[in-house]
Number of protein chains: 2
Amino acid sequence: MQTLKYSRQREAIKEFLMSRNDHPTADTVYTNIRQEFPNISLGTVYRNLSLLADLGEILKISTGDGGDRFDANTKHHYHFICNECNSVIDLDLKSLDHINELASVNFGGNIIGHTTHFYGTCENCTKKH
Amino acid sequence: MQTLKYSRQREAIKEFLMSRNDHPTADTVYTNIRQEFPNISLGTVYRNLSLLADLGEILKISTGDGGDRFDANTKHHYHFICNECNSVIDLDLKSLDHINELASVNFGGNIIGHTTHFYGTCENCTKKH
DNA sequence: TTAAAAATAATAATAATTATCAATATTAAT
DNA sequence: ATTAATATTGATAATTATTATTATTTTTAA
């Protein structure tokens with residue numbers, strides 16, 4: 001089997017994500033991590049983001065607009081996505097686990113979780129007009 | 001301004017979507033609509049799906065795995081996405097509008113809506129093992 | 001019937017991501 | 001410490017999903 005080996009690039013990617021709370025894209029990770037590793041390849045960034053997500057060490061957030069976002073905060077929480085600037089912002093909202101049971105009532109399959117994205121206009125964009 | 005003109009292709013695309021409840025991708029729409037319009041272009045399918053979504057006549061569903069899905073049922077409802085077969089299934093769950101207010105409590109921006117996707121194993125995939 | 005404008009089919013281009021592979025780095029065993 | 005095995009990398013090609021371009025066709029209003 002594939003046993004995991006340490007890599008400095010992977011550590012740097014994870015540490016970079018932990019230093020941010022704005023849910024950067026793979027490309028943003030790439031351009032920033034290049035300051036420390038000028039020769040790092042975009043493929044290496046994608047590979048490690050994907051691996052870290054599979055390991056459960058980071059979260060992948062699909063916004064449906066532009067590339068996927070990544071988040072080092074792995075405990076279940078909710079995101080707001082601004083309709084104007086597309087920024088992704090953490091929300092202070094306790095987990096709504098009861099809605100899994102509500103959704104299960106008339107459903108034959110097995111629901112184990114949910115993701116919710118809230119939409120609207122963020123504070124910055126509201127101030128602009 | 002751009003005034004809308006009728007097109008047989010657009011009508012056929014909308015009617016095809018209304019005949020289905022499995023939230024097909026643009027490519028699935030394309031291969032099916034080709035039975036009626038053998039020369040239709042994939043670009044035409046994308047253009048019309050996008051236009052219909054902008055007009056609010058259909059919904060675009062981003063699943064984060066594979067291409068976007070489309071749904072002729074435009075009233076707010078919830079979807080289940082199977083972790084195994086990736087099928088998208090409508091859920092019978094009343095709208096959880098109160099969670100918009102809950103999410104707004106400690107948030108500076110303006111929340112106008114949300115989308116929730118439930119995850120797990122669908123009935124078919126559960127039966128398989 | 002004609003003319004203007006929108007829509008189309010065909011195709012090229014783009015964005016985001018994944019795959020390939022020879023060279024390098026890590027790790028476990030000597 | 002040295003070696004051997006193998007995971008990881010950087011470079012790059014390929015793929016997937018989607019959008020843009022443009023000459024031709026269709027729709028619609030005059």
Side-chain angles (χ1 to χ4, degrees), chain A residues 1-17 23-55 57-71 81 85-88, chain B residues 1-17 22-55 57-71 81 86-88:
Chain A
M1 73 245 54
Q2 178 88 330
T3 61
L4 202 66
K5 250 172 202 173
Y6 173 86
S7 104
R8 284 173 297 135
Q9 288 89 335
R10 182 157 60 236
E11 280 311 297
I13 288 167
K14 191 174 175 194
E15 268 169 38
F16 173 71
L17 274 186
H23 318 85
T25 61
D27 204 67
T28 301
V29 173
Y30 174 61
T31 55
N32 280 275
I33 219 81
R34 244 141 76 100
Q35 289 163 26
E36 194 182 346
F37 293 88
N39 294 323
I40 198 170
S41 159
L42 182 55
T44 298
V45 173
Y46 271 105
R47 188 168 359 92
N48 280 299
L49 287 171
S50 179
L51 175 57
L52 289 168
D54 288 347
L55 294 171
E57 295 185 31
I58 64 173
L59 287 182
K60 174 150 92 165
I61 306 161
S62 296
T63 65
D65 182 286
D68 289 338
R69 307 292 205 104
F70 297 89
D71 191 345
I81 302 173
C85 69
N86 295 313
S87 63
V88 177
Chain B
M1 73 243 56
Q2 177 91 328
T3 62
L4 203 65
K5 254 173 199 172
Y6 173 86
S7 103
R8 284 172 298 135
Q9 288 88 337
R10 182 157 59 237
E11 280 311 298
I13 287 166
K14 192 176 174 193
E15 268 169 38
F16 172 71
L17 274 186
D22 64 342
H23 318 85
T25 61
D27 204 67
T28 301
V29 173
Y30 174 60
T31 54
N32 280 273
I33 219 81
R34 242 140 79 98
Q35 288 163 26
E36 195 182 347
F37 293 89
N39 295 322
I40 197 170
S41 158
L42 183 55
T44 298
V45 172
Y46 271 106
R47 188 169 358 91
N48 280 299
L49 287 171
S50 180
L51 176 56
L52 290 168
D54 288 347
L55 294 171
E57 296 185 29
I58 64 173
L59 287 183
K60 173 149 94 165
I61 306 161
S62 295
T63 65
D65 182 286
D68 289 338
R69 306 294 204 105
F70 297 90
D71 192 344
I81 302 173
N86 295 311
S87 63
V88 178

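Chain letters run A, B, ... following the sequence lines, proteins first and then strands; every chain starts at 1.
- Distance CD1 (Ile61(A)) to C1' (dT17(C)): 18 Å, rounded to an integer number of Å.
- Atoms CG (Leu49(B)) and P (dA7(C)) sit 15 Å apart, rounded to a whole Å.
- For Glu36(A) and dG10(D), the CD to P distance is 12 Å, given to the nearest whole Å.
- Checking dA9(C), dA7(D), dG10(D) against the side-chain heavy atoms of Ile40(B) singles out dA9(C) as nearest.
- Tyr30(A) has its OH atom 11 Å from the P atom of dT12(D), to the nearest Å.
- Regarding Asp54(A), its CG atom lies at a distance of 14 Å from the P atom of dT17(C), rounded to whole Å.
- In this structure, the side chain to side chain donor-acceptor pair (under 3.5 Å) partners of Arg47(A), at least two apart in sequence or on a different chain, are Thr44(A).
- Direction of the helix axis in the helix from dT1(C)-dA30(D) to dT30(C)-dA1(D) shifts by 30° between the two five-pair termini, rounded to 10°.
- Taking the side chain to side chain donor-acceptor pair (under 3.5 Å) definition, one finds that Arg69(A) meets it with nothing, sequence neighbours left out.
- Here Lys60(A) pairs with Asp68(A) under the salt bridge (Lys or Arg N to Asp or Glu O under 4.0 Å) rule; sequence neighbours left out.
- OP1 or OP2 of dT24(C) has not a single side-chain nitrogen or oxygen of Asn39(A) nearer than 4.0 Å.
- Rounded to a whole Å, the CD atom of Gln2(B) is 9 Å from the C1' atom of dA7(C).
- Here Asp22(B) pairs with Arg20(B) under the side chain to side chain donor-acceptor pair (under 3.5 Å) rule; sequence neighbours left out.
- A 4.5 Å side-chain heavy-atom check between Ile58(B) and Asp71(B) finds every atom pair outside the cut-off.
- In this view, Leu55(B) and Leu4(B), Leu51(B), Glu57(B) satisfy the side-chain contact (heavy atoms from CB on, under 4.5 Å) rule, not counting sequence neighbours.
- Between Arg10(B) and Pro38(B), the residue anchored closer to the 5' end of DNA chain C is Arg10(B), taking for each the nucleotide with the nearest heavy atom.
- Rounded to an integer number of Å, the gap from Glu11(B) CD to dT8(C) P is 11 Å.
- Between the CG atom of Asn48(A) and the P atom of dA25(C) there is a distance of 16 Å, given to the nearest Å.
- Residues satisfying the side chain to side chain donor-acceptor pair (under 3.5 Å) test with Thr31(A), not counting sequence neighbours, are none.
- No side-chain donor-acceptor contact under 3.5 Å links Ser62(A) to the backbone of Gly64(A).
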Expected list for residues 32-40 of chain B: side-chain donor-acceptor pairs under 3.5 angstrom, two or more places apart:
{"from": "Asn32(B)", "atom 1": "ND2", "to": "Thr28(B)", "atom 2": "O", "distance (Å)": "2.8"}
{"from": "Arg34(B)", "atom 1": "NH1", "to": "Tyr30(B)", "atom 2": "OH", "distance (Å)": "3.0"}

Sequence-aligned protein contact record of nucleotides 18-30 of chain D, with B where the base is within under 4.0 Å of a protein heavy atom and S where only the sugar-phosphate is: BB-------BS--
